[in-house]
Number of protein chains: 2
Amino acid sequence: MVRAIYDGIYKDLLDRIVDGEYAYQSFIPSEAVLVKHYDCSHNTLRRALALLTQGGYVQPVHGKGVRVIYQQHDRTPFDMGGIETFKETAARNDLHSVTKVQVFENFVADETFARTSGFTAGDELVHIDRVRVLDGSALILDRNWFLASLVPGLTRGIAENSIFEYIEGTLGMAIATSKRTITAERVTSVDELFLDLDDYDFLAVVTNRTFNGDGLMFEYTQSRHRPDCFSFSTVALRNV
Amino acid sequence: MVRAIYDGIYKDLLDRIVDGEYAYQSFIPSEAVLVKHYDCSHNTLRRALALLTQGGYVQPVHGKGVRVIYQQHDRTPFDMGGIETFKETAARNDLHSVTKVQVFENFVADETFARTSGFTAGDELVHIDRVRVLDGSALILDRNWFLASLVPGLTRGIAENSIFEYIEGTLGMAIATSKRTITAERVTSVDELFLDLDDYDFLAVVTNRTFNGDGLMFEYTQSRHRPDCFSFSTVALRNV
DNA sequence: GCCGATTTGTCCGTATGTATC
DNA sequence: CGATACATACGGACAAATCGG
């Protein structure tokens, strides 16, 4: 993938912040200096800064400079903030992961399911229930419904590996926007059947509607997590 | 507050989307048309579109157009996504709200608290525990720690009303960035003491570090919610 | 398969406004 | 008041993806 200039500058500045070269509460060099350093235009640099701001790494202060607000402390181990595959999360935490496919079936959306999922009644879907086992414990139950027409050729074998790798890699479909809702819910009989709950009688639930690069919703997911292995991080900005 | 041009265009387009004038899955008019309509520059319009994209309202498709991906269905009642005060949330849901201040005391951060909160050991803080009562039920326990030097003149009376109105209105301090982590936790003895838990033995917890317009962290908060009155919505974009 | 029209994506240079010091 | 630094806006240019003829 070809990188845009602003993206390269963003990544370079981000590295310097995470590495501590630009320390927490300090100001990064001014726009004028950075424009000269990266030999780019004012607007391009500002675009890189906008990405840092949106990610909660810096806070521009009018008339003063751009202050670093990233703390080392921000790197939580089980972060679920961005769009990341289960395999990526497991790898980042150095965990041995296994995926067990428990349900793999065709499904047609009825009125009720359409209302909760955002699909249209009559849509032909593929329903997959998978259990994520980390270091021997069944911690996460992922319940996916994919729009069959947009994810053709799905098999149990792919589901055991990584569906998102298949979608992005093999199918070449871009994953663009993901709308998420987090709730806390009591365990159901399905949860009890599939997960190692220990003493927990409740779960953290991430409900997810994902759109591809064409703006078509191709996935509805419920990801049900044992609370001790769950945290979800995000950044909110006032006035956007 | 003076509105920027891109902000006005953003709000106008947003209204049309939410009102259904631009329907789900349809394409909004092209950039060229909108530039003519709003009589603004290419870049200014693109900035408005960027806001809509970040909010999960539209999905630009290269070479085709900008597709609406907002569904009426997206407006969840108890949404905690943006930066919104408790009073605003209550008003939006037409609920009668009362705030009870249970703890109001000075507090100096020690090493342990500094590590979890992001403050510095030795910082002088004001610690406030408040219970949020909605339509007669104590549903939320807010545990705030404010940096005393940045929030002077705080009183119990202000805490019973709205601290954020005091901060933004009276003190004139801008609230800019809020870093949040959501978890699900078992209830503690403090929760049992203050909240109407019904049968619930767990809570949805939002941990919050808030920075002002100068990039200084002035608040650390734990907001503990009864699960039946909690949902947190957010939008994630691939590649940002 | 190619070409041209349309549409979004990226980048540049410049000008002006506004907050801070 | 002037210098510095961020914020907004404009106009132009070219690249890249899509679609229809």
Side-chain angles (χ1 to χ4, degrees), chain A residues 1-11 13 22 26-54 57-69 172-174 176-177 211-216 237-240, chain B residues 1-11 13 22 26-54 57-69 172-174 176-177 211-216 237-240:
Chain A
M1 194 205 302
V2 182
R3 287 257 161 258
I5 295 175
Y6 70 84
D7 199 47
I9 296 173
Y10 162 69
K11 285 183 166 52
L13 289 171
Y22 299 146
S26 71
F27 288 94
I28 68 174
S30 73
E31 275 182 30
V33 172
L34 291 175
V35 160
K36 193 162 291 182
H37 177 258
Y38 291 110
D39 190 27
C40 70
S41 76
H42 174 66
N43 282 333
T44 300
L45 183 77
R46 283 193 66 74
R47 196 156 171 190
L49 292 180
L51 291 179
L52 291 171
T53 305
Q54 287 156 27
Y57 298 104
V58 301
Q59 171 75 55
V61 185
H62 199 160
K64 292 185 70 173
V66 178
R67 176 169 265 153
V68 176
I69 60 173
M173 181 166 79
T177 305
F211 294 76
N212 70 9
D214 287 336
L216 303 176
L237 305 180
R238 188 79 162 170
N239 298 326
V240 298
Chain B
M1 196 208 302
V2 182
R3 287 257 159 259
I5 295 175
Y6 70 83
D7 200 47
I9 297 173
Y10 162 70
K11 284 182 168 49
L13 290 171
Y22 299 145
S26 71
F27 288 95
I28 68 174
S30 74
E31 274 183 29
V33 172
L34 291 175
V35 161
K36 194 161 291 183
H37 176 259
Y38 291 111
D39 191 27
C40 69
S41 76
H42 175 64
N43 281 332
T44 300
L45 184 78
R46 284 195 66 76
R47 191 153 174 193
L49 292 180
L51 291 179
L52 291 171
T53 305
Q54 286 156 27
Y57 298 105
V58 301
Q59 171 75 53
V61 186
H62 198 164
K64 291 185 72 174
V66 178
R67 175 170 266 151
V68 176
I69 60 172
M173 180 165 80
T177 305
F211 294 76
N212 69 9
D214 288 335
L216 303 176
L237 305 179
R238 188 78 162 170
N239 298 326
V240 296

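Residue numbers begin at 1 in each chain, while the letters A, B, ... track the order of the sequences.
The CD atom of Glu31(A) sits 11 Å away from the C1' atom of dT8(D) (whole-angstrom rounding). Straight-line distance from the CG atom of Leu216(A) to the P atom of dT18(D): 13 Å, rounded to whole Å. Straight-line distance from the NZ atom of Lys36(A) to the C1' atom of dG13(C): 15 Å, rounded to whole Å. Distance CG (Leu49(B)) to P (dT7(C)): 14 Å, rounded to an integer number of Å. Between the OH atom of Tyr6(A) and the C1' atom of dG9(C) there is a distance of 8 Å, rounded to whole Å. Distance CD1 (Ile9(B)) to P (dT8(D)): 13 Å, rounded to an integer number of Å. Taking atom CZ on Arg47(A) and atom C1' on dT8(D), their separation rounds to 16 Å, with Å as the unit. The CD atom of Gln59(A) sits 18 Å away from the P atom of dA5(D) (whole-angstrom rounding).
Within the 3.5 Å criterion, the main-chain N or O of Tyr22(B) finds no donor-acceptor partner in the side chain of Ser26(B). One N or O on the side chain of Asn212(A) and one on the backbone of Asp214(A) form a donor-acceptor pair closer than 3.5 Å.
Residues Gln59(A) and Gly213(B) come closest through the heavy atom pair CG-O, 4.0 Å.
Counting only heavy atoms from C-beta on, Ser41(B) has its side chain closest to dC10(D) among dC11(C), dC6(D), dC10(D). Checking dT20(C), dA9(D), dC11(C) against every side-chain atom of Lys64(A), the shortest atom distance belongs to dT20(C). The side chain of Pro60(B) lies closest to dG9(C) when the candidates are dC11(C), dG9(C), dA9(D).
Taking 3.5 Å as the limit, the base of dA7(D) and the side chain of His62(A) contain no donor-acceptor pair of atoms between them. Counting atom types as modelled, His42(A) pairs a side-chain N or O with a base atom of dT8(D) as donor and acceptor under 3.5 Å.
Base contact: Arg46(B) has a heavy atom under 4.0 Å from a base atom.
The side-chain heavy atoms of Leu49(A) and Leu13(A), taken from C-beta on, include a pair separated by under 4.5 Å.
Nucleotides of DNA chain C nearest to Asn43(B) and Ser30(B) differ in position, and the one nearer the 5' end is that of Ser30(B). If you find the closest nucleotide of DNA chain D to Ile28(A) and to Thr44(B), the one lying nearer the 5' end belongs to Ile28(A). Each of Ala32(B) and Asp214(B) has a nearest nucleotide on DNA chain C; the 5'-most of these lies closest to Ala32(B).
Of the nucleotides present, dC3(C) is the one that pairs with dG20(D) by Watson-Crick or G-U wobble criteria, both distances under 3.5 Å.
Considering Asn43(B), Thr44(B), Leu45(B) in turn, Thr44(B) is the only one that fulfils the side chain to side chain contact (heavy atoms under 4.5 Å, CB included) rule with Tyr6(B).
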